[in-house]
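Working notes for the structure below.
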There are 2 protein chains.
Amino acid sequence: MEGLTINEAARTTGWSPRMLRYVEQTGLVSPARSPAGYRLYGPAQLQRLRTLKELLGRFELGLSDVAFAARMAVRPDLRDAVEGWLETEARRPEDVAPGDWLRFEQEKHEKLLAVA
Amino acid sequence: MEGLTINEAARTTGWSPRMLRYVEQTGLVSPARSPAGYRLYGPAQLQRLRTLKELLGRFELGLSDVAFAARMAVRPDLRDAVEGWLETEARRPEDVAPGDWLRFEQEKHEKLLAVA
DNA sequence: AGAACCTTGACAATGTCGTGGTAAGGTTGT
DNA sequence: ACAACCTTACCACGACATTGTCAAGGTTCT
């Protein structure tokens with residue numbers, strides 16, 4: 001029995017057993033399994049669970065937010081598309097010649113979405 | 001009346017008027033206003049609305065996902081904390097000496113969360 | 001002035017998220 | 001064998017996300 005079982009892990013991380021299963025379901029922290037199927041949390045998982053809790057509390061995030069970030073981290077096409085869309089938001093008309101900036105935006109969006 | 005009113009914008013973008021108000025509420029696309037308070041969508045907003053629709057459909061995203069990405073784009077502390085947490089996920093024990101890697105993770109998380 | 005817009009606000013239906021339970025059944029340590 | 005675990009699979013509830021629709025009232029165009 002290499003590692004803590006779910007109730008032990010719950011006690012040392014502050015999550016409930018129920019939530020540990022839910023966190024696993026989101027794909028954010030997945031423990032190993034014993035031959036009989038018991039969840040076995042190692043030091044790495046325990047640490048990740050604690051810091052995850054910190055992260056969520058500090059910024060008022062939901063698990064789904066972090067799960068979405070994870071999805072972006074693993075899929076460059078997603079990330080590029082989202083960040084590309086967001087980049088145009090900050091851009092101001094003053095940055096570009098009066099007649100050009102709209103066409104610029106348009107082509108940029110088209111390119112980004114076409115590639116993705 | 002510089003720009004399209006909400007129903008006109010709805011027709012050319014594929015969003016419903018109701019959803020255009022909702023999108024505005026999420027902060028993702030905010031039209032200008034006429035002196036009387038009418039929403040006026042310019043070419044830039046229309047383009048952003050169309051590409052936003054594309055983006056959501058192509059990757060099965062919700063507005064809240066993109067809103068969260070926008071929040072990260074605007075707050076480096078949030079972004080760094082989330083990405084820092086995620087980075088450890090990909091890392092394998094083999095990358096580091098057997099006794100060191102856990103301490104390494106631990107310190108990394110502590111630093112990241114302390115700074116944020 | 002009257003039709004055809006626009007505004008905000010509210011109520012409603014459906015769906016997902018975050019959590020907690022509970023039940024039926026397998027595993028483990030003494 | 002028996003207590004104390006564990007597993008999966010459900011039901012449930014409140015909060016939020018996504019849409020629609022309707023009402024009361026202001027604006028615009030002809």
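Each chain gets a letter, A, B and so on, in the order the sequences are listed, and its residues count up from 1.
As rounded to whole Å, 12 Å separates atom C1' of D/dA4 from atom CZ of A/Arg11. Atoms CZ (B/Arg21) and P (C/dA10) sit 15 Å apart, rounded to a whole Å. Following rounding to the nearest Å, A/Trp15 (CH2) and C/dG20 (C1') show an atom-to-atom distance of 15 Å. We find that CG of B/Leu40 is positioned 16 Å from P of C/dC5, with the value rounded to whole Å. Protein atom CD of A/Gln25 is 14 Å distant from nucleotide atom C1' of D/dT7, rounded to whole Å. If you take CG of A/Leu20 and C1' of D/dT8, they are 16 Å apart, rounded to a whole angstrom. Summarising the geometry, the separation between CG on B/Leu56 and C1' on D/dA17 is reported as 13 Å, rounded to the nearest angstrom. Distance A/Glu24 CD to C/dT19 P: 16 Å, rounded to the nearest Å.
Residues A/Glu8 and A/Thr5 have side chains that bring a donor and an acceptor to within less than 3.5 angstrom of each other.
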Distances for protein N/O vs nucleotides 26-28 of chain C N/O pairs under 3.5 angstrom?
| residue | atom | partner | partner atom | Å |
| --- | --- | --- | --- | --- |
| C/dG26 | N2 | A/Tyr38 | OH | 2.6 |
| C/dT27 | O4' | A/Tyr38 | OH | 3.1 |

Please tabulate, one pair per line, each protein N/O and nucleotide N/O from nucleotides 22-25 of chain C that are separated by under 3.5 Å, including the distance.
none

Can you name the atoms? Protein N/O to nucleotides 11-18 of chain C N/O, anything below 3.5 Å, with the distance.
| residue | atom | partner | partner atom | Å |
| --- | --- | --- | --- | --- |
| C/dG18 | OP1 | A/Leu63 | N | 2.8 |
| C/dG18 | OP1 | A/Ser64 | N | 3.3 |
| C/dG18 | OP2 | A/Tyr22 | OH | 2.8 |

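A/Glu60 and B/Arg75 are not joined by a salt bridge, as no carboxylate oxygen comes within less than 4.0 angstrom of a charged side-chain nitrogen. A salt bridge links A/Arg33 to A/Glu24: one of the charged nitrogens lies within less than 4.0 Å of a carboxylate oxygen.
With contacts defined as side-chain heavy-atom distances shorter than 4.5 Å, the pair A/Phe59/A/Val66 does not qualify. Side-chain contact check for B/Leu49 versus B/Tyr41: some heavy-atom pair is nearer than 4.5 Å. Inter-residue side-chain proximity for B/Leu28 and B/Arg48 is flagged as unmet; no heavy-atom pair is nearer than 4.5 Å.
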Starting from the C-alpha separation in whole Å, work towards a yes-or-no answer on side chain to side chain contact (heavy atoms under 4.5 Å, CB included) for A/Gln45 and A/Leu40. CA-CA 9 Å; A/Gln45 278 82 48; A/Leu40 296 178; over 6 Å; no
Go through the steps for A/Arg71 and B/Leu61 under the test side chain to side chain contact (heavy atoms under 4.5 Å, CB included), then give the verdict. CA-CA 11 Å; A/Arg71 206 176 146 205; B/Leu61 306 182; 3.5 Å; yes
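OP1 or OP2 of D/dT8 lies within a sub-4.0 Å distance of a side-chain N or O belonging to A/Arg33.
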